[in-house]
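There's a structure below that I have some questions on.
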Amino acid sequence: MTDISLIAFDADDTLWECQTYFEAVEKEYCELLASYASADEISKALFATETANMPLFGYGSKAFMLSLLENATRVSDGLLTAEEVMKIINLGKGLLQLPGKPIEGVEETLKQLRNSGKYHLVVFTKGELLDQENKFDRSGLRPYFDDIVVVSDKTEESYYRLCEQFGVKVDQLLMVGNSFRSDIEPVLKLGGWTAHIPFHTIWQHEVVDEYDHSHLLKLDEFTQLKGLLLGFY
């Protein structure tokens, strides 16, 4: 790890909370459509709709809103009312205004990493550009980073391009995130370093089998990065 010069951070549920808001919206959505089907039926159908739409819509709040509307139309057999449509749209708009408040310990840790002068720091996240940039601005964390890079999906190729952008080798990259599928596994396959910080909940689409690896650091809290990278807590 002594050669690490670029630290990339996932955004949602790593720097700020996100998935719990989506789960709250889905619960309210199921309650709104309760006259058409059970909550379990609605959630299962929504998962299938999201999965089918990902190649076209990608990830993020706007893609989720479109899937909410499509799924509601199907679940209701086309009986969805205009009032219900507007309520679903407003649920989606709420997700586009999430506070982006940093998780406890995040800002303090980023400040110390930045002040050390040892690393380039970048936010590397997937989703919709405007949505992610807005959350980034609302978080107040922009001063600690060199850049924010938003991609349609986190693939081995996208991580390789990130390293090229900053002029570093893959083994000089440390990726920090909560999702093993998106933040950890692609980087391990390339030979980079990773720090996995699980969040208390995870999006169903991100669930994969996890494993140990010599380049994988398992952390309980974001603040542990200070000890690993700067030698103090």
Side-chain angles (χ1 to χ4, degrees), residues 1-16 18 58-60 102-103 105-127 129 132-133 135-136 139 141-199 202-203 205-206 208-233:
M1 289 183 61
T2 55
D3 292 333
I4 289 173
S5 61
L6 173 63
I7 307 177
F9 295 85
D10 173 52
D12 296 334
D13 295 325
T14 297
L15 298 178
W16 52 72
C18 180
Y59 301 86
I103 293 172
V106 165
E107 185 166 11
E108 169 198 350
T109 301
L110 291 174
K111 183 177 182 180
Q112 291 179 342
L113 289 173
R114 186 68 172 178
N115 288 343
S116 75
K118 296 175 62 177
Y119 307 103
H120 289 294
L121 305 180
V122 60
V123 175
F124 187 67
T125 183
K126 66 182 180 182
L129 179 61
Q132 293 295 66
E133 285 186 333
K135 277 188 286 186
F136 187 41
S139 74
L141 298 176
R142 188 176 285 273
Y144 305 113
F145 290 96
D146 296 292
D147 202 357
I148 176 174
V149 179
V150 183
V151 293
S152 58
D153 199 3
K154 289 177 176 175
T155 62
E156 291 178 48
E157 177 61 27
S158 67
Y159 281 107
Y160 185 78
R161 289 197 303 269
L162 176 68
C163 291
E164 282 193 323
Q165 179 179 337
F166 281 87
V168 302
K169 298 177 181 178
V170 175
D171 61 3
Q172 294 177 295
L173 166 68
L174 172 66
M175 179 64 196
V176 180
N178 71 295
S179 169
F180 199 94
R181 176 185 178 273
S182 294
D183 304 320
I184 306 302
E185 191 166 38
V187 178
L188 293 179
K189 288 182 176 179
L190 287 174
W193 291 86
T194 61
H196 188 209
I197 311 174
F199 195 58
I202 189 168
W203 189 28
H205 290 279
E206 293 292 320
V208 294
D209 291 332
E210 301 179 9
Y211 49 84
D212 293 328
H213 193 283
S214 59
H215 282 204
L216 167 61
L217 309 171
K218 296 182 179 181
L219 309 183
D220 296 318
E221 297 178 353
F222 196 94
T223 54
Q224 289 177 287
L225 287 170
K226 295 183 293 182
L228 286 167
L229 298 169
L230 302 177
F232 62 90
Y233 291 86

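Fair warning: this is a prediction, and the values are worked out from it, not measured in the lab. Residue indices begin at 1 and follow the sequence shown.
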Is there a side-chain contact between Lys218 and Asp212 (heavy atoms, below 4.5 Å)?
yes

Does the distance from a Lys or Arg side-chain N to an Asp or Glu carboxylate O, for Glu157 and Arg161, drop under 4.0 Å?
yes

With sequence neighbours excluded, give me every side chain to side chain donor-acceptor pair (under 3.5 Å) pair touching residues 166-179.
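For residues 166-179: Thr14-Asn178, Ser179-Glu206.
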
Before you tell me yes or no, could you show the steps for Val106 and Trp16 under side-chain contact (heavy atoms from CB on, under 4.5 Å), namely the whole-Å CA-CA distance, both residues' side-chain angles and the distance that decides it to 0.1 Å?
CA-CA 8 Å; Val106 165; Trp16 52 72; over 6 Å; no

How many angstroms lie between CG in Leu217 and CD1 in Ile197, if you round to the nearest 0.5 Å?
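Interatomic distance, Leu217 CG to Ile197 CD1, rounded to 0.5 Å: 9.5 Å.
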
Is there a donor-acceptor pair under 3.5 Å between the side chain of His215 and the backbone N or O of Leu188?
no

Between atom CD of Glu185 and atom CD of Glu156, what is the distance when rounded to the nearest 0.5 Å?
8.5 Å

Do Leu162 and Val151 have side chains that get closer than 4.5 Å, going by heavy atoms?
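Of all side-chain heavy-atom pairs linking Val151 with Leu162, none is under 4.5 Å.
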
Ring centroid separation Phe9 to Phe222 under 6.0 Å
yes

For Asp209, does the CG atom sit with more than 12 other heavy atoms under 6.0 Å from it, leaving out its own atoms?
no

Is there a donor-acceptor pair closer than 3.5 Å between any side-chain N or O of Gln224 and the backbone N or O of Glu221?
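Here the side-chain-to-backbone pair exists.
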
So, the side chain of Glu164 versus the backbone of Tyr160: is there a donor-acceptor pair under 3.5 Å, distance only?
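No, the answer is negative, given that no donor and acceptor are paired below the 3.5 Å cut-off.
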
Output for pair (Ile184 CD1, Trp193 CH2), nearest 0.5 Å, gives 13.0 Å

Would you mind reporting whether Asp183 and Thr194 have side-chain heavy atoms less than 4.5 Å apart?
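Not touching, per the 4.5 Å side-chain cut-off.
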
Would you find a donor on one side and an acceptor on the other, under 3.5 Å apart, between the side chain of Ser158 and the backbone of Lys154?
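Flag not set: sc Ser158 to bb Lys154 has no pair under 3.5 Å.
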
Test log, rule side-chain contact (heavy atoms from CB on, under 4.5 Å), inputs Val176 and Ile7
CA-CA 7 Å; Val176 180; Ile7 307 177; 3.9 Å; yes

So Ile4 and Tyr119, do their side chains get closer than 4.5 Å, heavy atoms only?
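Contact flag for Tyr119/Ile4 side chains = yes.
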
For Asp13 versus Cys18, what's the shortest heavy-atom pair and its separation?
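Reported closest heavy-atom pair: OD1-N, 2.7 Å.
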
Determine whether Leu6 and Leu174 satisfy the following criterion, side-chain contact (heavy atoms from CB on, under 4.5 Å), listing intermediate values before the conclusion.
CA-CA 6 Å; Leu6 173 63; Leu174 172 66; over 6 Å; no

Does the pair Arg114/Asp146 count as a salt bridge with the N-to-O cut at 4.0 Å?
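A salt bridge is present here (some side-chain N lies under 4.0 Å from a carboxylate O).
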
Could you tell me whether the side chain of Leu15 reaches within less than 4.5 Å of the side chain of Asp10, counting heavy atoms only?
no

So which heavy atom on Ala8 is nearest to which on Leu173, and how close?
CB-CD1, 4.0 Å

Counting C-beta onward and ignoring hydrogens, is there a side-chain heavy-atom pair between Leu229 and Lys226 closer than 4.5 Å?
no

How about Tyr159 and Val170: do any of their side-chain heavy atoms sit closer than 4.5 Å?
no

If you apply the rule side-chain contact (heavy atoms from CB on, under 4.5 Å), what do you find for Leu216 with Phe180, and how did you get there?
CA-CA 10 Å; Leu216 167 61; Phe180 199 94; 3.9 Å; yes

I'd like to check Glu108 versus Lys111 (side-chain heavy atoms, cut-off strictly below 4.5 Å). Are they in contact?
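SC-SC contact between Glu108 and Lys111 ruled out.
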
Exercise: identify the closest heavy-atom pair between Leu219 and Ala195:
CD1-CB, 4.1 Å

Rounded at 0.5 Å granularity, tell me how far OH in Tyr144 sits from CG in Asn115.
8.5 Å

Salt bridge between Asp12 and Lys126, side-chain N to carboxylate O under 4.0 Å?
no

How long is the gap from CG on Leu129 to OG on Ser152, to the nearest 0.5 Å?
11.5 Å

How far apart are the closest heavy atoms of Leu230 and Ser116, and which atoms are they?
CD2-CB, 3.6 Å

